[in-house]
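Remarks on the structure that follows.
The figures that follow rest on heavy atoms only: side chains count, while hydrogens, waters and symmetry mates do not. Order of the sequence lines fixes the chain letters, A, B, ..., with proteins taken first and strands second; residue numbering starts at 1 for each chain.
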Amino acid sequence: MFLCYSFQMMDTEYFESLANLLFPDAEPGASLEALYPPRDLPPGACVTRLGPSPTGFIHLGNLFMATVNRRLATQSGGVFFLRIEDTDRKREVEGAVKSLLSSLAYFGIDFAEGATADGEIGAYGPYRQSERQKIYYAFVRELILTGKAYPCFLSETQIEAIRAEQEADKVLPGIYGKYAEWRGADLSVIRRYYEAGMPYVIRLNANVGMTERNSAATVTVQDGIRGEITFPRNILDVVILKQDGLPTYHFAHTVDDHLMRTTHVIRGEEWLSSLPIHLALFEALGWMPPVYCHTALLMKIDEGVKRKLSKRKDPELALSYYIAEGYHPKAVEQYLLTILNSNFEEWRLSNPGVDNTEFILTTEKMGASGILVDLNKLRDISRDTLAGIPAKELADFMTDWAVRENPDALPTFTLERNVLESALDIGRGGEKPRKDLEYATQIFSHISYFFDAYFQIVDSLPEHVSAEEAQVLLEGYHGTYCHEDDRETWFGKIRVLAEENGYAARPKDYKKNPERYKGHVGDVSAVIRLALTGRLEAPDIWEIQQILGESRVVDRLRSFTNF
RNA sequence: GGCCCCGUGGUCAAGCGGUCAAGACACCGCCCUUUCACGGCGGUAACCCGGGUUCGAUUCCCGGCGGGGUCACCA
């Protein structure tokens with residue numbers, strides 16, 4: 001008994017000297033607790049966050065994550081904030097926060113709290129981890145004081161040697177147990193190294209504190225998406241403070257999400273395997289961990305193999321790609337919601353016209369297995385979504401897109417705004433609205449023939465119609481053309497023209513007696529369509545003509561055949 | 001390799017002990033139609049395998065197998 005007691009005294013003294021040596025100025029954790037009190041929110045409110053590292057690259061997966069986090073917070077009356085996880089100086093990219101913010105803003109993700117392009121908003125900051133050093137030091141000191149963390153002067157080569165030995169012995173690699181040479185090292189030795197300016201890191205002492213409360217070899221958590229998950233307890237003395245004095249993700253996550261009072265940590269499945277470390281950290285600091293929700297990963301099919309989206313290898317999944325292609329934010333949101341919650345699509349169908357924000361997202365309905373990004377589905381959803389957006393808004397959308405991605409087209413869009421708007425409005429409204437608009441670049445090529453600057457003949461005459469024949473037909477058409485004709489009159493004239501030239505006025509007649517005709521009225525239309533739009537596939541010709549205006553129609557008829 | 005997650009058609013997926021195993025996208029036919037688009041009708045196509053438990057397993061348990069993730073002083 002006596003022995004035990006005195007050891008403890010010695011330990012306390014040891015820890016205190018250690019803390020004072022390494023972190024003489026760190027403030028007590030308790031004062032920070034007071035600085036960041038629990039948030040005053042309605043019961044059940046979720047506090048979530050997005051924690052990107054500013055590497056200058058975000059892809060669909062980040063947006064996917066942002067969407068879940070944001071929804072869960074806003075729909076529960078909680079808070080969604082942005083924290084910049086910039087603890088890796090090597091990978092940091094200039095201006096990344098700004099571009100991150102603007103990419104997210106494009107897709108309608110904004111933040112009421114957290115880092116901004118040039119500052120921050122909110123009472124739980126700083127929201128850049130690089131500015132939180134004081135806070136991390138305070139809690140590192142706390143851990144040292146209780147013996148749960150210690151300095152480690154192992155060099156890179158020493159660690160490599162340990163790893164090699166472990167690999168040879170086929171044991172778990174890492175610093176733990178007997179490999180943790182600096183656990184409880186002599187104070188005099190530590191002092192000598194420290195004063196000699198030897199580089200060191202701070203490691204968690206996984207052996208202390210862990211077994212006090214629960215000696216079981218495993219930990220079990222309730223994941224918000226996956227339900228109960230069990231792992232072996234963490235035994236690794238993971239690094240919590242790097243040589244450069246910045247925290248590792250693990251430590252920063254623990255401290256920040258506790259102090260920022262995050263209730264739900266929603267992140268990708270790739271974090272699942274470090275969960276035991278995070279739980280160990282929360283336990284060591286004596287804090288309640290948040291609710292963890294590990295989402296399925298967005299995958300890509302690569303040479304027949306399904307794999308996680310990679311920033312390096314999949315530029316076409318970068319948000320910048322979707323922005324450049326001009327996918328509409330609403331369509332992308334719609335798509336993300338359908339892969340996020342299996343019941344969303346059904347809800348959407350049975351609640352037409354209701355805003356997406358009315359839909360309640362639940363973690364229970366989220367899938368746990370990897371999702372292949374399906375551009376087909378996105379495009380389909382796009383067509384549906386765009387069909388429901390007024391032409392005026394679409395015209396604004398196209399103009400905004402041109403400003404960013406196609407400045408050459410901007411003058412045309414601006415000068416011929418009414419043409420743009422009318423072109424986008426073709427076949428809309430009514431029971432069966434046209435659904436052929438997908439994303440800006442596609443839309444642009446779809447309607448470009450309305451503008452003289454972009455008009456060109458891209459298709460050729462139907463096989464059985466010769467150039468001479470086309471000329472005859474177009475001259476005939478031009479002869480009877482009257483811009484004021486209503487659709488009925490107009491098409492009646494085409495039928496007559498068809499008959500006069502040996503084409504069936506009705507396709508059915510032609511089908512019945514193909515030998516009697518050169519073709520049918522559709523062929524005549526095709527020629528006119530080609531002359532007017534430069535292509536064989538386009539919406540209703542009469543409508544196109546109304547938008548084009550009489551002089552343009554006549555010009556195009558003429559220039560096609562040079563009569 | 002250790003640990004963890006996942007496993008229903010090509011893709012996203014309903015299902016939660018008894019179903020002819022939904023639906024959406026894609027694909028293929030047909031219809032509508034002056035082309036396209038829209039729309040309508042129809043079609044091809046799935047419970048990874050093997051053991052249990054049970055009267056009965058896609059569903060529960062175990063074991064394989066397969067896929068993925070992770071094993072850093074990166075996040």
Are the side chain of A/E165 and the backbone of A/A161 linked by a donor-acceptor contact shorter than 3.5 Å? no
Looking across every strand, which nucleic acid part, if any, lies under 4.0 Å from A/T87 by heavy atom: base, sugar-phosphate, or nothing? sugar-phosphate
Please give the distance between the C1' atoms of B/G56 and B/G17 as a whole number of Å. 7 Å
Rounded off to whole Å, could you give me the CD-to-P distance for the A/Q545 and B/U34 pair? 16 Å
Across all strands shown, which nucleotide pairs with B/A57 by Watson-Crick or G-U wobble geometry, both distances under 3.5 Å? none
Atom CD1 of A/I443 to atom C1' of B/C36: distance rounded to whole Å? 16 Å
Would you measure the distance from the C1' atom in B/G50 across to the matching atom in B/A57 and give it in whole Å? 14 Å
Using purine N1 to pyrimidine N3 plus N6-O4 or O6-N4 for Watson-Crick, or N1-O2 and O6-N3 for G-U wobble, both under 3.5 Å, which nucleotide pairs with B/A45? none
Pairing check on B/A26: which nucleotide meets the Watson-Crick or G-U wobble criteria with it, both distances under 3.5 Å? none
Nucleotide B/C36, atom C1' - distance to CZ of A/R535 in whole Å: 11 Å
Between A/D86 and A/L349, which has a closest nucleotide on RNA chain B that is more 5'? A/L349
Can you name the side chain to side chain donor-acceptor pair (under 3.5 Å) partners of A/Y503, sequence neighbours left out? A/E469
Determine which nucleotide pairs with B/G1, using a 3.5 Å limit on both distances of a Watson-Crick or G-U wobble pair. B/C71
Considering only atom P, compute the distance from B/G23 to B/A14 and round it to an integer number of Å. 15 Å
Pair A/D88 + A/R91, salt bridge at N-O below 4.0 Å: yes
Establish, with yes or no, whether the OP1 or OP2 oxygen of B/U34 is under 4.0 angstrom from a side-chain nitrogen or oxygen of A/R487. no
Is A/K300 touching bases, backbone alone, or none of the nucleic acid, heavy atoms closer than 4.0 Å? nothing
Determine yes or no for a side-chain-to-main-chain donor-acceptor pair under 3.5 angstrom, with A/R226 supplying the side chain and A/H294 the backbone. yes
Of the listed nucleotides B/C4, B/C12, B/A75, the one nearest the side chain of A/I371: B/C12
Have a look at A/P507 and say if it touches a base, only the backbone sugar-phosphate, or nothing, with a 4.0 Å heavy-atom cut-off. sugar-phosphate
Pair of N/O donor and acceptor under 3.5 Å linking B/C73 base with A/Q243 side chain: yes
Could you let me know what B/C36 is paired to, Watson-Crick or G-U wobble, both distances under 3.5 Å, or none if it's on its own? none
Determine the interatomic distance between C1' on B/U70 and the same-named atom on B/C60; round to the nearest Å. 29 Å
Remember a base hit wins even if backbone is also touched, and classify A/P232 as base, sugar-phosphate or nothing at under 4.0 Å, heavy atoms. sugar-phosphate
Measure from CD on A/E438 to P on B/A26 and round the result to the nearest Å. 10 Å
Please list, pair by pair, any protein nitrogen or oxygen found under 3.5 Å from a nitrogen or oxygen in nucleotides 67-69 of chain B.
{"from": "B/G68", "atom 1": "OP1", "to": "A/K306", "atom 2": "O", "distance (Å)": "3.3"}
{"from": "B/G69", "atom 1": "OP1", "to": "A/K308", "atom 2": "N", "distance (Å)": "3.2"}

Between A/S342 and B/A14, does any side-chain N or O lie under 4.0 Å from OP1 or OP2? yes
Between P of B/U34 and CG of A/D509, the distance in whole Å: 11 Å
Paired with B/G9 by Watson-Crick or G-U wobble geometry, both distances under 3.5 Å: which nucleotide is it? none
Between B/C12 and B/U19, how far is it from one P atom to the other, in whole Å? 27 Å
When we call it a touch if two heavy atoms are under 4.0 Å apart, what does A/Y249 touch: a base, just sugar-phosphate, or nothing? base
Whole angstrom is fine here: how far is it from NZ in A/K511 over to P in B/U34? 10 Å
Touch check for A/L536, heavy atoms < 4.0 angstrom, all strands: base, sugar-phosphate only, or nothing? base
Base, sugar-phosphate, or nothing for A/R348, non-hydrogen atoms under 4.0 angstrom? nothing
Just by distance, do the side chain of A/W182 and the backbone of A/I190 share a donor-acceptor pair under 3.5 Å? no
Work out how far the P atom of B/C48 is from that of B/C55, and round it to whole angstrom. 25 Å
Grab the two heavy atoms, one from A/A180 and one from A/Y150, that are nearest each other, plus how far apart they are. CB-OH, 3.5 Å
Please work out if A/W490 contacts a base, only the sugar-phosphate, or nothing of the nucleic acid, heavy-atom cut-off 4.0 Å. base
Using whole Å, what does the distance between atom C1' of nucleotide B/A14 and atom CD of A/E346 come to? 8 Å
Pairwise C1' distance, B/A26 and B/G9 [rounded to whole Å]: 12 Å
Could you tell me how far apart A/R163 (CZ) and B/G2 (P) are, to the nearest whole angstrom? 16 Å
State which of B/U11, B/C36, B/C4 makes the closest approach to the side chain of A/D374. B/U11
When you measure from the side chain of A/K432, which nucleotide among B/G39, B/A13, B/A75 comes out closest? B/G39
Which residue, A/A296 or A/V521, contacts RNA chain B at a nucleotide closer to its 5' end, judged by nearest heavy atom? A/A296
Side-chain ion pair, A/D257 and A/R83, N-O less than 4.0 Å: yes
Are A/R556 and A/F455 in a cation-pi contact, defined as NZ or CZ under 6.0 Å from the six-membered ring centre and within 45° of the axis? yes
Identify whether any heavy atom of A/P247 sits under 4.0 Å from a base atom; if not, whether one sits that close to sugar-phosphate; answer base, sugar-phosphate or nothing. sugar-phosphate
Heavy atoms only, 4.0 Å cut-off, all strands: where does A/L246 land among base, sugar-phosphate and nothing? nothing
Just to confirm, is there a sub-4.0 Å distance from OP1 or OP2 of B/G23 to any side-chain nitrogen or oxygen of A/K377? no
A/R383 near the nucleic acid: base, sugar-phosphate alone, or nothing, with a heavy-atom cut-off under 4.0 Å? sugar-phosphate
Base, sugar-phosphate alone, or nothing: which one does A/I240 contact when heavy atoms must sit under 4.0 Å apart? nothing
Any ion pair linking A/D540 and A/R487 (charged N to carboxylate O, less than 4.0 Å)? yes
Heavy atoms under 4.0 Å, any strand shown: does A/A526 hit a base, just sugar-phosphate, or nothing? nothing
Name the nucleic acid region contacted by A/D523, choosing base, sugar-phosphate or nothing; use a 4.0 angstrom heavy-atom cut-off, strictly under. nothing
Residues A/D380 and A/R383 bridged, charged N to O under 4.0 Å: yes
The salt bridge (charged side-chain N to carboxylate O under 4.0 Å, His left out) partners of A/K300 (sequence neighbours excluded) come to A/D314, A/E316
As a test of reading the structure: which of B/A75, B/C25, B/U34 is closest to the side chain of A/I541, going by heavy atoms? B/U34
Run the salt-bridge test on A/E333 and A/R71 with the 4.0 Å N-O cut-off and return the result as yes or no. yes
What is the base-pairing partner of B/G50, counting Watson-Crick and G-U wobble geometry with both distances under 3.5 Å? B/C62
Got a donor-acceptor pair under 3.5 Å from the side chain of A/R226 to the base of B/C6? no
Suppose you measure atom C1' in B/C32 against the same atom in B/C41; what distance do you get, rounded to whole Å? 11 Å
Which nucleotide in B/A24, B/C25, B/C4 has an atom nearest any side-chain atom of A/E345: B/A24
Is the phosphate of B/A14, meaning OP1 or OP2, less than 4.0 Å from a side-chain N or O of A/K365? no
